[in-house]
Amino acid sequence: MIKIVSSVLLCVITLSGFAQELPLKKDPAFNEGEVLTYRLRYGIITAAEATLKVLPSDMKFDNKPTYRLSVDAQTSGTFDIFYKIRDHYDSYIDKTDLTPYFYQENIREASYRRQDKARFYQDAKKVVANRGTFTTPTTQTFDLVSAYYFARSLDISKLNINDTFKLNYFLGEEISSLEIEYIGKEVIKTKLGEIRCLKFSPSIKPGRVFRKDSKLYLWITDDNNRVPVKAQVEILVGAVTLEIKSAEGLKYPIGK
């Protein structure tokens, strides 16, 4: 079950990206003080929860101000009894171009522990991490958290149905590229009410978690916030759904 939890949480954070070729909007889609919470369901059972925050930061890199992005993910209910997860992630991103300077994670999953850090040098196209130095293909490479916020601020006004895009991200010991297809628009019911959304289908690899014909779908608010409100994927047995629980401190009215 931990592989399912990790896979879907990763989807929500990193698969919300559309493409680094698309330009950013003039202003970020978020403010300091924004707090988003999600729950992950396996069938009707809530398996995990996650909280994403935009926090004040005094940190500067290359003498440039940053946003501090913070994520906490933990199992709940029965899953918390049998396999407790308490994961924490931080990312410091440039306030203008929203690319990351520094990323750290503190992973606590049952008896497993890991702490990783990574310094991003975008102009030099490299990432210096605990496990080595990695060359990146472009000057826009992201960690799990910064990808989420960068993607929300993209200008997608020229996006067409069936367009596919890629986003580069660093995870563990490699630089990977993710492909996402734009499906269209759809109105869905959420804890925040009925919301007009943009629907995407990120690519996934079949294996120990996903079936060969599994499809992952992601819904993002069709407004200036661009908040992911739902993700759903079929697995080897059953399906997993991630849904938004609450949204505080949004920069714009939800769904408008």
Side-chain angles (χ1 to χ4, degrees), residues 9-20 22-39 49-74 87-105 120 122 140-157 159 167 169 180 185 188 190-198 200 218-231 242-256:
L9 289 179
L10 174 64
C11 290
V12 170
I13 294 175
T14 62
L15 302 192
S16 57
F18 309 139
Q20 58 194 33
L22 293 176
L24 287 171
K25 296 188 294 183
K26 184 178 180 180
D27 298 312
F30 52 88
N31 279 323
E32 288 182 5
E34 180 187 89
V35 180
L36 305 175
T37 61
Y38 295 88
R39 70 169 182 171
E49 297 183 347
T51 302
L52 289 70
K53 299 178 180 179
V54 182
L55 301 171
S57 171
D58 294 327
M59 294 283 287
K60 289 187 177 182
F61 294 86
D62 301 330
N63 204 34
K64 296 179 180 179
T66 61
Y67 291 110
R68 178 190 169 195
L69 311 175
S70 175
V71 176
D72 287 286
Q74 61 279 327
D87 294 346
H88 179 80
Y89 310 84
D90 283 303
S91 180
Y92 292 84
I93 65 172
D94 187 276
K95 279 195 170 184
T96 301
D97 62 26
L98 306 184
T99 54
Y101 288 113
F102 180 73
Y103 169 79
Q104 61 185 0
E105 61 183 25
F120 290 75
Q122 302 290 351
Q140 289 180 314
T141 299
F142 303 89
D143 55 71
L144 296 182
V145 183
S146 61
Y148 172 91
Y149 288 90
F150 176 84
R152 288 175 54 190
S153 295
L154 286 172
D155 181 357
I156 58 174
S157 58
L159 201 62
L167 180 74
Y169 65 96
I180 306 98
K185 296 185 179 183
I188 66 169
T190 75
K191 287 285 187 180
L192 308 181
E194 289 193 353
I195 299 178
R196 291 181 295 105
C197 292
L198 305 173
F200 295 85
L218 178 68
W219 290 265
I220 298 174
T221 59
D222 186 15
D223 58 19
N224 288 326
N225 296 298
R226 301 292 188 214
V227 174
V229 293
K230 183 179 180 181
L242 191 140
E243 300 170 323
I244 196 165
K245 286 181 60 182
S246 64
E248 301 176 3
L250 294 180
K251 192 171 185 178
Y252 305 98
I254 192 78
K256 297 181 180 180

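Throughout, residue positions are numbered sequentially from 1 according to the sequence presented.
A donor-acceptor pair is defined here as one N or O able to donate and one able to accept, closer than 3.5 Å; such a pair exists between the side chain of T66 and the backbone of M59. D223 places a side-chain N or O within donor-acceptor distance of the main-chain N or O of N225, the cut-off being under 3.5 Å. Side-chain N or O atoms of T221 include one that pairs as donor or acceptor with a backbone N or O of V227 at under 3.5 Å.
The closest side-chain heavy-atom distance from F142 to I93 is not below 4.5 Å. Side-chain contact between Q140 and D97 is absent, with no heavy-atom pair separated by less than 4.5 Å.
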| request: Apply side-chain contact (heavy atoms from CB on, under 4.5 Å) to Y103 and V145, showing your working. | output: CA-CA 8 Å; Y103 169 79; V145 183; 4.2 Å; yes
| Is there a side-chain contact (heavy atoms from CB on, under 4.5 Å) between R226 and L198 once you walk through the steps? | CA-CA 9 Å; R226 301 292 188 214; L198 305 173; 3.4 Å; yes
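For the atom pair I244 CD1 and K230 NZ, the distance stands at 13.0 Å (nearest 0.5 Å). In this structure, CD on E32 lies 10.0 Å from CG on L69, to the nearest 0.5 angstrom. Atom CZ in R152 sits 11.0 Å away from atom CG in N224 (nearest 0.5 Å). In this structure, E105 CD and S91 OG are separated by 11.0 Å, a value rounded to the nearest 0.5 Å.
Listed here is the closest heavy atom pair of L192 and A247: CD1-CB, 4.0 Å. Closest approach of V229 to C197, counting heavy atoms only: CG2-SG, 3.7 Å. Heavy atoms only, all atoms of each residue included: E34 and A29 are closest at OE2-O, 4.5 Å. Listed here is the closest heavy atom pair of D94 and K64: OD2-CD, 3.4 Å. Between S70 and L55 the shortest heavy-atom distance is CB-CD1, 3.7 Å. For S153 against P28, the heavy-atom pair with the smallest separation is OG-CA, 3.4 Å.
Evaluation of the side-chain contact (heavy atoms from CB on, under 4.5 Å) rule for S246 yields T37 as partners, not counting sequence neighbours. For D62, the side-chain contact (heavy atoms from CB on, under 4.5 Å) partners are Y101, R119, not counting sequence neighbours.
Look at E243 and R39 and you find a salt bridge, because one of the NZ, NE, NH1 or NH2 atoms lies within 4.0 Å of a carboxylate O, short of that distance. Electrostatic pairing of D90 and R68 counts as a salt bridge here, judged by a charged N lying under 4.0 Å from a carboxylate O.
Counted within 6.0 Å of NZ on K95, heavy atoms from surrounding residues, nucleotides or ligands total more than 12; the atom is thus considered enclosed. By the neighbour-count criterion of 12 heavy atoms within 6.0 Å, atom NZ of K251 is densely surrounded, having more than that number from other residues, nucleotides or ligands.
Each of L36, D143, V71 was compared with Y148 under the side-chain contact (heavy atoms from CB on, under 4.5 Å) criterion, and only L36 meets it.
Taking the six-membered ring where the residue is Trp, the centroids of Y67 and F30 are separated by under 6.0 Å.
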